[in-house]
Protein chains: 2
Amino acid sequence: MREFKRRSRVLLIDDNADHLRGVKELITLESCYDVVGTTTSANIGINLAKKYRPDIILMDINMPEKDGLQAIQEIEKLDLGIRVIALSGYDDADLIFRAMKIGAKGYVLKTMASAQLIYAMDEVAAGKIYLPTALTSRFFEYFQNSFKEETKISSEENLLTYLTAREEEVLDLLTQGNNYKSIAGKLFISETTVKTHVNNIFQKLQVNDRTQAVLYALNNGFANRRLSKIAV
Amino acid sequence: MREFKRRSRVLLIDDNADHLRGVKELITLESCYDVVGTTTSANIGINLAKKYRPDIILMDINMPEKDGLQAIQEIEKLDLGIRVIALSGYDDADLIFRAMKIGAKGYVLKTMASAQLIYAMDEVAAGKIYLPTALTSRFFEYFQNSFKEETKISSEENLLTYLTAREEEVLDLLTQGNNYKSIAGKLFISETTVKTHVNNIFQKLQVNDRTQAVLYALNNGFANRRLSKIAV
DNA sequence: CGAATTATCAATCCAAAGATGTAGGACAAA
DNA sequence: TTTGTCCTACATCTTTGGATTGATAATTCG
């Protein structure tokens with residue numbers, strides 16, 4: 001067993017050269033991380049990431065040339081196990097949300113104390129995900145808001161509640177693209193029975209055909225409630 | 001201007017009477033909150049919430065009788081501005097995620113130090129959302145995971161890209177539940193033309209009927225890319 | 001220009017879906 | 001026991017949907 005663990009390697013990407021230099025100094029002097037590269041270009045950064053395989057990348061996400069979020073996404077897609085911490089000047093909830101959604105392991109404001117940056121790196125290096133408390137609160141406000149509308153919709157009268165258990169089973173199979181024969185086979189009942197159920201479903205959901213029934217089901221939280229209004 | 005702010009009022013809901021008593025004592029003795037009610041029943045709790053309008057509710061979400069999450073949802077639906085903190089014995093990522101999704105303003109483990117509970121209440125009373133750091137990390141792992149699959153899918157070959165502009169228009173109308181006649185009317189073309197397009201769509205998407213085509217479209221980011229695999 | 005793609009329309013045929021009415025048995029609530 | 005709901009099933013009929021073939025005009029592209 002090794003007694004010491006390898007010093008974690010860090011890559012810095014920030015279009016602001018001054019800030020880049022400052023962060024490099026900070027890390028070099030006051031932490032146990034090795035800076036393996038610095039660049040002001042997101043594209044170059046991605047290439048450096050492939051080349052040097054750092055453990056951590058500090059990525060400024062407010063860059064004019066190339067979107068930092070996109071860069072994070074590309075790095076995540078490489079699937080090299082590189083953990084990216086987003087650096088930003090803004091505590092904008094939407095930015096935080098998007099960064100975390102695409103896989104950032106942390107989000108730190110440039111205005112925060114340098115100790116906090118080091119701490120974030122420590123946490124992330126340890127495999128955790130780190131968000132400063134203030135930003136976490138911001139994130140959750142945004143997060144919960146994005147579901148509020150949805151909740152409102154689904155708390156309106158939902159015609160799905162009128163369906164019997166059996167009808168729900170049938171509808172479930174409909175939402176998987178099955179036809180009458182297939183449903184009959186899966187439920188071990190005759191095709192005509194399925195037709196009866198499906199017709200009853202149409203009546204209850206006030207639709208004219210199976211496609212509309214399926215759409216109603218999906219849009220009103222049937223079974224796999226996977227709809228959210230979240231988009232990157 | 002008032003110099004002192006009103007002491008915040010708290011309602012406790014926990015099916016475990018012992019724990020309930022313990023928490024009540026803790027809050028009464030060691031915090032500045034008024035316990036306005038305690039109950040072991042989620043249903044009664046909801047009624048007490050309506051009656052006493054507490055500022056905060058501590059809600060055990062691991063109750064056999066009635067699901068605590070559901071109770072939170074109902075309280076949120078009341079829209080009385082009551083801020084609910086979920087209490088749980090488990091740091092299960094899925095539980096945490098669902099609690100936060102439906103609007104819990106905090107999530108605290110029963111095993112945590114009592115000081116942490118008080119702190120959480122302070123934060124929540126101040127209008128923030130509070131999650132212990134360890135649970136935040138858990139939450140984000142789950143959160144990011146739920147988007148990983150999606151990213152993977154959308155980066156795989158998407159048969160939708162083979163569709164022509166006109167076919168996309170037709171498919172769009174299909175995903176709105178239109179039949180041939182309706183689509184023909186909306187695009188000012190004959191029904192047979194629509195049939196041709198639809199058949200070509202089937203070929204390209206490798207499906208057998210319109211329902212499957214619609215499902216493929218929705219699951220592969222057609223138009224409204226709002227699908228995520230998150231479920232309550 | 002010539003070739004390929006696309007959008008349009010038609011005829012035909014068969015299969016599937018949808019509408020409607022009827023009915024027996026199981027089961028639970030009143 | 002009666003009433004009602006639910007699940008099952010069938011017959012019949014109409015409409016819609018889907019497959020196939022073929023054809024014309026417009027557009028795009030090399």
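A note on names: the letters A, B, ... follow the listed sequences, proteins ahead of strands, and every chain is numbered from 1.
For Asn199(A), no side-chain nitrogen or oxygen approaches OP1 or OP2 of dG18(C) to under 4.0 Å.
With sequence neighbours excluded, the residues forming a side-chain contact (heavy atoms from CB on, under 4.5 Å) with Thr136(B) are Thr136(A), Leu131(B), Phe140(B), listed by chain and number.
For the pair Asn208(B) CG and dA19(D) P, the computed distance is 7 Å after rounding to whole Å. Regarding Gln203(A), its CD atom lies at a distance of 11 Å from the P atom of dG21(C), rounded to whole Å. Put simply, CG on Asn178(A) is 14 Å from P on dA16(C), counting in whole angstrom units. Look at CD on Gln212(A): it is 16 Å from P on dA17(C), rounded to the nearest Å.
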## Note on the structure
B/S/- along nucleotides 7-16 of chain D (protein heavy atoms under 4.0 Å) is SBBB------
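The residues Arg138(A) and Asp91(A) are annotated as salt-bridged, a charged nitrogen and a carboxylate oxygen being separated by less than 4.0 angstrom. Using a 4.0 Å cut-off between charged side-chain N and carboxylate O, Lys105(A) and Glu141(B) make no salt bridge.
In this structure, CG in Leu87(A) is found 7.5 Å from CD1 in Ile85(A), a value given to the nearest 0.5 Å.
In this structure, Tyr142(B) and Phe97(B) have tilted ring planes: the angle between them lies in the 30° to 60° band.
A cation-pi arrangement is present between Arg210(B) and Tyr180(B), with the terminal nitrogen or guanidinium carbon under 6.0 Å from the aromatic centre and inside a 45° cone about the axis.
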